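Nothing here was measured: the structure is a model prediction, and the numbers come from that model. Every heavy atom of this structure was used, including side-chain atoms; hydrogens, water molecules and symmetry mates were not.
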Amino acid sequence: MSSQGPETSPPASGGSLPGAPARAWREVLALWVGGLAVLLGADLLGGLGGFIGRNQGALTAAYFLLAPVVLLRRRGTDPADLGISTDRPVRAL
């Protein structure tokens, strides 16, 4: 007599939800287009000078640091599960 439970086969779809690849592509595309928009906007606004002109690189960096965290939280995933610490942002860098 075997002590193993009933055998189960893995899902035929590889364990992913229906429509998940399409949703992933939309998220990646949205982040990419958003990044291009931030880069272009920072470059255009940088020509104005002043605070934005001096900090256009920081604005772009802030997008690339914050966009993944916002996306993960919107999905309901805790960024800490993926190693992204948001408790102390300065020490996390």
Side-chain angles (χ1 to χ4, degrees):
M1 189 164 209
S2 171
S3 64
Q4 297 175 348
E7 292 185 27
T8 58
S9 61
S13 64
S16 64
L17 298 172
R23 185 176 58 224
W25 277 106
R26 281 192 300 258
E27 289 176 356
V28 168
L29 185 62
L31 285 173
W32 185 76
V33 169
L36 284 179
V38 168
L39 286 170
L40 179 62
D43 191 43
L44 291 174
L45 292 174
L48 297 175
F51 175 79
I52 295 176
R54 289 188 307 268
N55 295 301
Q56 69 182 16
L59 294 173
T60 304
Y63 172 80
F64 284 104
L65 290 172
L66 295 176
V69 172
V70 170
L71 181 69
L72 287 171
R73 286 191 175 156
R74 194 179 81 196
R75 266 199 209 163
T77 303
D78 185 15
D81 292 343
L82 300 172
I84 302 172
S85 174
T86 56
D87 292 336
R88 294 181 251 168
V90 176
R91 287 191 70 188
L93 297 176

task = Kindly state each residue pair satisfying side chain to side chain donor-acceptor pair (under 3.5 Å) with at least one member in residues 48-64, sequence neighbours excluded.
result = none

task = Could you name each residue pair satisfying salt bridge (Lys or Arg N to Asp or Glu O under 4.0 Å) that touches residues 57-83, not counting sequence neighbours?
result = E27-R75

message = Would you say F64 ends up clustered with L36 if hydrophobic residues are merged whenever their side chains have heavy atoms under 4.5 Å apart, either directly or through other cluster members?
response = no

note = Here the pair of heavy atoms bringing V69 nearest to P79 is CG1-CG, 4.0 Å

ask   = Can you get from V38 to L31 by hopping between Ile, Leu, Val, Met, Phe, Trp and Tyr side chains that sit under 4.5 Å apart?
value = yes

